[in-house]
Number of protein chains: 2
Amino acid sequence: METRELRYFIAVAEELHFGRAAERLGMAQPPLSRAIQQLERRLGVTLLERTSRAVTLTEAGAVLLREGRAALDAVDAADRRTRRAAVAGAPALVLVTKAGATGELLPKLLDAYAAEPEAVAVDVILCGPGEQERLLRDGRADVALLHLPFDSATGFDTEDLRTEGQVAVLPAGHPLTARPHLRMSDVTTLPGLPMPRWPRLDGTYPDGPGPQVRDQTQLLQLIALGRAAAIMPESARPHRGEDVAAVPVLDAPPVTTVIAWPPHSRSRALAGLVRAATRL
Amino acid sequence: METRELRYFIAVAEELHFGRAAERLGMAQPPLSRAIQQLERRLGVTLLERTSRAVTLTEAGAVLLREGRAALDAVDAADRRTRRAAVAGAPALVLVTKAGATGELLPKLLDAYAAEPEAVAVDVILCGPGEQERLLRDGRADVALLHLPFDSATGFDTEDLRTEGQVAVLPAGHPLTARPHLRMSDVTTLPGLPMPRWPRLDGTYPDGPGPQVRDQTQLLQLIALGRAAAIMPESARPHRGEDVAAVPVLDAPPVTTVIAWPPHSRSRALAGLVRAATRL
DNA sequence: CAGAGACGATACCCGTCCGGTATCGCCGCC
DNA sequence: GGCGGCGATACCGGACGGGTATCGTCTCTG
């Protein structure tokens, strides 16, 4: 099976329409039809059920869509990491983490690693929630800082770095800020202070009462304005009070920050960074 | 990057010899040379350093060898799992585990799962130590029973099933068998009873004094003959005494049996099997 | 020191296969 | 019943993969 065939099939399986898939691939429809037929013939498997009105996935097609995406990610990762490895003076490691979520842990880690004799240049990518896994999987990043249980570390090697409780972040002066600590139920049901809605991976937002937010800054501003409340790890709490206050939430699930990397990529540089992280 | 190019490069990178690699690939040497040049040109990266006497990997080449193997495994997995998904009546799940190492856990699991209403056929593969990961990675198997810390579950999702201590297995009548329990140091230094040597993944054996063994049966026979001793999980201990005796080893690392599967393959059947396993 | 041998690169040729255009067959819908 | 949308088929040209023959270079040897 060639990656070209995989790319073709995935386009068709996602569009469920040969014409649109061909357009997306920048080619004409007939060779695409033929390529899919050939793929089916070589596999000995029917991947798509076609009528002149609709195209649907067979069960085997659904399997190939799932597995094929993972395989293409792996091929892309090989491509990207190889290219990066060849550029002299380029960052030898790319670290990805959620924007504004690691507090002082990230600078500490970078400093500690940079102090090592064999340290190499480390690039940092800050991205939105949930994107880290994809970057790690398709080779745009080599290592990530993740927050369990929010992020999923499935398929990666990890080392635990820190476990912490969560705090409720509320507008300064809100009655609850006088309390020494809170419970989840105190915070999730506040009238007039709904929890914000974060975008899904595809950019759409779930339904609900809360305001839509894209990043930490927006969130803090909304809280300061008295339009929202949020629960976040202690270390993500803003330190200089910008009209917001933080109160520990006793029964919020603890958050573990882990350093994660693809299990097969045990380069010297990566090993050094992981070592530096675990010594923090 | 096409899988054909990856296969070619990996062959050359492993052989470090274009002629032998071409032979292994069943093709002539010149087109192979050209394909590698083209791959290097497209990547914009030198992968191999050639003289007329030797071929060596560049750093980027080493990266592509590692990453490319993983990528090819992922493509092969997509191929195999798609083929299997299409065959009606074929086993919908393939479980792999080390031959003779799971004791009664495996039949219990299969029975428990088979009793479920939506159970599908499960094939079982028994293989040598260390091979499970590869089968899981390249799609010949869907789920595995692994023994931490002996096997590595990196890159897979897992659920813990059981943790147990280890026992020393000794020839019946050996003085140590009278003791109620032992320490590692008691067993590893026994004069005339060396620990056996297991084959590596490539089939070669490490150097050392112990006899070479390939499976559990050989091992037990050698122990019964008074030629070896071994340390193994309690559940792997032979139950009908075949001239061997087992004594708990207090300070041996505990062994955890886990059920493991590729993180992206969350099929209904697999989920059912994992559920049955965790309920045991 | 010259010649043989090993090895990767180059030159050149042929067949296959990929991709394009034109068109067909089928089906739902005004 | 004709029109339009959609996937399949037919056919063609060009690119590319793979084969054989040969070269350039380096090393070892008689």
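Numbered from 1 within each chain, the chains take letters A, B, ... in sequence-line order.
Summarising the geometry, the separation between CZ on A:Arg41 and P on C:dC17 is reported as 10 Å, rounded to the nearest angstrom. A straight line from CG of A:Leu32 to C1' of C:dG19 spans 11 Å, rounded to a whole angstrom. Between the CD atom of B:Glu2 and the P atom of C:dC17 there is a distance of 15 Å, rounded to whole Å. Distance B:Glu23 CD to C:dA6 P: 14 Å, rounded to the nearest Å. Atom CG in A:Leu16 sits roughly 13 Å away from atom P in D:dC6 (whole-Å rounding). For the pair A:Leu25 CG and C:dC18 C1', the interatomic distance rounds to 14 Å; values are reported in whole Å. Taking atom CD1 of residue A:Ile36 and atom P of nucleotide D:dG7, one finds them 11 Å apart after rounding to whole Å. With rounding to whole Å, B:Leu48 atom CG is found 14 Å from C:dA9 atom C1'.
Applying the 4.0 Å criterion to OP1 and OP2 of D:dG17, one finds that B:Arg4 has a side-chain N or O inside that range. For C:dG8, neither phosphate oxygen OP1 nor OP2 lies less than 4.0 angstrom from any side-chain nitrogen or oxygen of B:Gln37. Contact annotation: B:Ser33 reaches the phosphate of C:dA9 (side-chain N/O to OP1 or OP2, under 4.0 Å). For the OP1/OP2 pair of C:dC7 and a distance below 4.0 Å, the side-chain nitrogens and oxygens of B:Arg20 include no atom meeting the criterion.
Scanning for side-chain hydrogen bond (donor to acceptor under 3.5 Å, both in side chains) contacts around A:Arg4 gives an empty result, with sequence neighbours left out. The side chain to side chain contact (heavy atoms under 4.5 Å, CB included) check on B:Pro206 picks up B:Arg197, B:Arg200, with sequence neighbours excluded. Applying the side chain to side chain contact (heavy atoms under 4.5 Å, CB included) criterion to A:Pro199, with sequence neighbours excluded, gives A:Tyr205, A:Arg214. Not counting sequence neighbours, the partners of B:Thr56 by the side chain to side chain contact (heavy atoms under 4.5 Å, CB included) test are B:Glu49. Residues meeting the side chain to side chain contact (heavy atoms under 4.5 Å, CB included) test with A:Arg140, sequence neighbours left out: A:Arg80, A:Arg134, A:Leu135, A:Asp138.
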- request: Summarise how protein sits on nucleotides 20-30 of chain C as a single string, 5' to 3': B when a protein heavy atom is under 4.0 Å from the base, S for sugar-phosphate-only contact, - for no contact.
  value: BBB---BSS--

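When each of C:dA9, D:dA8, D:dG17 is scored by its nearest atom to the side-chain atoms of B:Arg50, the top-ranked nucleotide is C:dA9.
Taking every heavy atom of both residues into account, B:Met1 and A:Arg7 meet most closely at O-NH2, 4.0 Å.
Atom NZ of residue B:Lys98 and atom CG of residue B:Asp151 lie 4.0 Å apart, to the nearest 0.5 angstrom.
With DNA chain D read from its 5' end, the first of the two nearest nucleotides for B:Glu5 and A:Val55 is the one closest to A:Val55.
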